[in-house]
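Structure first, commentary second.
Quantities reported herein were computed from a predicted structural model and do not represent experimental measurements. Each chain gets a letter, A, B and so on, in the order the sequences are listed, and its residues count up from 1.
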Amino acid sequence: MSSFEYHRPTSVADAVAALGGGDEATVVAGGMTLLPTIKQRLADPSDLVDLSGVGEMKGISEEGGAIVIGAMTTHGEVASNPVVQAKIPALASLAGNIGDPQVRNRGTIGGSVANNDPAACYPAGLMAMNATVHTNKRAIPVDDFFTGMFETALEEGELVTKVSVPVPDKAAYIKFPQPASRYALVGVAVAQTGGAARVAVTGAGQDGVFRVADAEAALSGSFSPDALDGVSVDADGLNSDLHGSAAYRASLVMTLAKRAVAAANG
Amino acid sequence: MASVSMTVNGKSVSGDVAPNTLLVDFLRENLRLTGTHVGCDTSQCGACVIHVNGKSVKACTMLAVQAEGADVTTIEGLANGDQLHPMQEAFREHHGLQCGFCTPGMVMSAVDLANTIDNPDEKTIRHWLEGNICRCTGYHNIVKAIEAGSKAMQAGKQAAD
Ligand SMILES: Cc1cc2nc3c(=O)[nH]c(=O)nc-3n(C[C@H](O)[C@H](O)[C@H](O)COP(=O)(O)OP(=O)(O)OC[C@H]3O[C@@H](n4cnc5c(N)ncnc54)[C@H](O)[C@@H]3O)c2cc1C
Ligand code: FES
Ligand code: FES
């Protein structure tokens, strides 16, 4: 592994200052994506700024109809948190099916959204639930936050501090896992809040997570799997690789969307 | 170089390491605890699973400096002298290994499972083992061993209460 300096600040302000110190400084959260990337020499940071000592970035609370999750909260903590389980069981279940137990014990929600892997689970769940990503500078609605494959609205020196998720009336996330990597070959999240539905898809789009307007319109009329009969997504613009063609993914999107609606309805 | 101190298998240890030293390399090279294995470069195989502050993690995907002050347990820390840990005993009893390469990670992962969920059933065990790859056994006997080992750990806990 290439060499770097290591810093462990205890506040957001000190983390941002440490980031400014090195010419290729980067933050490490759970390290479950970043460390393998460095090992494979796809990243070569001059400095690693470890966020694990930043207390302000930890914890889960309920604030005015939303669940607020600190960026450094692990997938395992979200999955087993009683408040998340009670208020947004779909989010607890999403987190509890990311990777494996050891990935969930280290990987964080902040790292996952900042990384915006096109096959990651949180981006779909959070987009369907119309979450807001909070940074040290501003609050960014999910629709504006995820901007492309591994791309987000984060600017240099901007850190995700927490994610706030409005409690939906109903929601579910169904993942069709790629069996080797356990990421989503395709994953679909649906959420209904006050009659309006949102549908977000991961694993399929060339630009990462995306919403399906036709499906949302159909489900806002009637939130049932049957409402999606006749709705389809265009295979153009979807990923095609050895694990699945674009047409296969397009078909999976609608199949999983129906299953997700059925699951959300309980 | 950075200095790190942590507790490994109940003993305080410290050392000077480069910041890019992986925890698994610190354990294997500096402490000569070679029971923790490295099977991949991609954080996917689970051969390196250890416990950090009571939770199972992949020692290949953590820096030694990130374990500063932590309480670490490796496969070498499970047995009580000559007496195998109930999970190790169950792997022996149920023939839960062939070449043994994946076994330390399997056992450490299994102990975390048994500590987290009482008497896990087959489905729970298979889901939990998502991050532990075995190239030999076909998993069948590993699952049987973990079922039995979890029961034995549960019985041990009840006896202690
Ligand atoms: C075997 C395996 C299986 C996996 N399976 C899945 C899966 O099924 N579904 C899924 O969604 N994911 C999966 N993952 C990815 C996992 O969820 C990672 O934990 C996650 O993508 C990154 O989180 P992290 O905390 O580990 O971040 P890190 O690896 O520490 O960081 C990732 C990137 O985000 C940046 N970053 C981290 N935190 C912040 C912050 N607060 N503000 C700004 N930038 C930040 C870092 O600089 C880095 O560029 C898997 C990973 C592995 C190794
Ligand atoms: S060595 Fe393969 S997961 Fe750690
Ligand atoms: S026993 Fe050989 S890899 Fe599992």
Side-chain angles (χ1 to χ4, degrees), chain A residues 1-8 10 18 22 25-53 72 74-77 79-80 93 96-108 111 175 177-183, chain B residues 1-4 17-26 36 38 40-70 105-106 108-117 120 124-133:
Chain A
M1 218 157 70
S2 57
S3 63
F4 45 75
E5 297 290 319
Y6 174 78
H7 313 266
R8 186 151 58 181
T10 52
T26 184
V27 293
V28 60
M32 296 310 300
T33 294
L34 186 59
L35 293 179
T37 311
I38 297 174
K39 283 197 220 173
Q40 289 160 57
R41 306 210 181 270
L42 296 168
D44 184 13
S46 61
D47 296 72
L48 272 197
V49 180
D50 185 349
L51 300 178
S52 65
M72 285 302 290
T74 64
H75 309 327
E77 286 162 351
S80 62
S93 146
N97 284 294
I98 291 177
D100 55 57
Q102 292 74 38
V103 167
R104 297 195 287 276
N105 280 340
R106 299 281 304 161
T108 66
K175 161 162 84 167
Q178 206 274 67
S181 78
R182 305 181 278 279
Y183 279 88
Chain B
M1 285 300 219
S3 70
V4 284
V17 295
N20 65 353
T21 304
L22 295 170
L23 180 54
V24 71
D25 291 330
F26 178 70
T36 303
V38 177
C40 74
D41 232 356
T42 50
S43 309
Q44 282 175 309
C45 76
C48 63
V49 171
I50 60 166
H51 295 181
V52 173
N53 297 328
K55 289 206 157 110
S56 57
V57 303
K58 303 185 196 209
C60 74
T61 318
M62 199 172 158
L63 302 170
V65 287
Q66 290 182 298
E68 173 64 36
M106 286 287 179
M108 295 310 286
S109 183
V111 170
D112 188 19
L113 167 63
N115 285 333
T116 308
I117 301 170
T124 310
I125 295 169
R126 287 186 183 274
H127 181 61
W128 185 275
L129 289 185
E130 197 74 72
N132 292 89
I133 292 173

Problem - side chain to side chain contact (heavy atoms under 4.5 Å, CB included) between Gln102(A) and Thr61(B), worked out - result: CA-CA 10 Å; Gln102(A) 292 74 38; Thr61(B) 318; over 6 Å; no
Problem - Candidate pair Leu48(A) and Gln66(B), rule side chain to side chain contact (heavy atoms under 4.5 Å, CB included), full reasoning - result: CA-CA 11 Å; Leu48(A) 272 197; Gln66(B) 290 182 298; over 6 Å; no
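Residues Leu63(B) and Asp50(A) form no side-chain contact, since every pair of their non-hydrogen atoms from C-beta on lies 4.5 Å or further apart. Using a 4.5 Å cut-off on side-chain heavy atoms (C-beta onward), Glu130(B) and Arg104(A) make no contact.
Across Asp112(B), Val52(B), Leu22(B), the residue that shares the most heavy-atom pairs under 4.5 angstrom with chain A is Leu22(B). Highest contact tally toward chain B, considering only Gly53(A), Ala180(A), Ser2(A), is held by Ser2(A) [criterion: heavy-atom pairs under 4.5 Å].
Interatomic distance, OG1 of Thr116(B) versus CG of Asn105(A), reported as 7.5 Å (0.5 Å rounding).
Residues of residues 40-47 of chain A that come within less than 4.5 angstrom of chain B, heavy atom to heavy atom, are Gln40(A) in numerical order.
Contact annotation for Val28(A): only side-chain heavy atoms (C-beta onward) come within less than 4.5 Å of a heavy atom of chain B. Heavy atoms closer than 4.5 Å to chain B are found in both the backbone and the side chain of Ser181(A). With a 4.5 angstrom heavy-atom cutoff, Val49(B) touches chain A only via side-chain atoms. In this structure, no portion of Ser52(A) lies under 4.5 Å from any heavy atom of chain B. Neither the backbone nor the side chain of Thr21(B) comes within less than 4.5 Å of any heavy atom of chain A.
Under the ring pair (Phe, Tyr, Trp, His ring centres under 6.0 Å) criterion, His51(B) pairs with no residue at all, not counting sequence neighbours. Scored by the side-chain hydrogen bond (donor to acceptor under 3.5 Å, both in side chains) test, Thr42(B) finds Gln44(B) as partners (sequence neighbours excluded).
Applying the salt bridge (Lys or Arg N to Asp or Glu O under 4.0 Å) rule to pairs touching residues 52-64 of chain B yields Asp100(A)-Lys58(B), sequence neighbours excluded.
Here the closest heavy-atom approach between residue Ser43(B) and residue Met32(A) is recorded as CB-CE, 4.4 Å. Taking both residues in full, the closest heavy atoms of Val65(B) and Arg8(A) are given as O-NH2, 4.2 Å, listed atom of the first, atom of the second, then distance.
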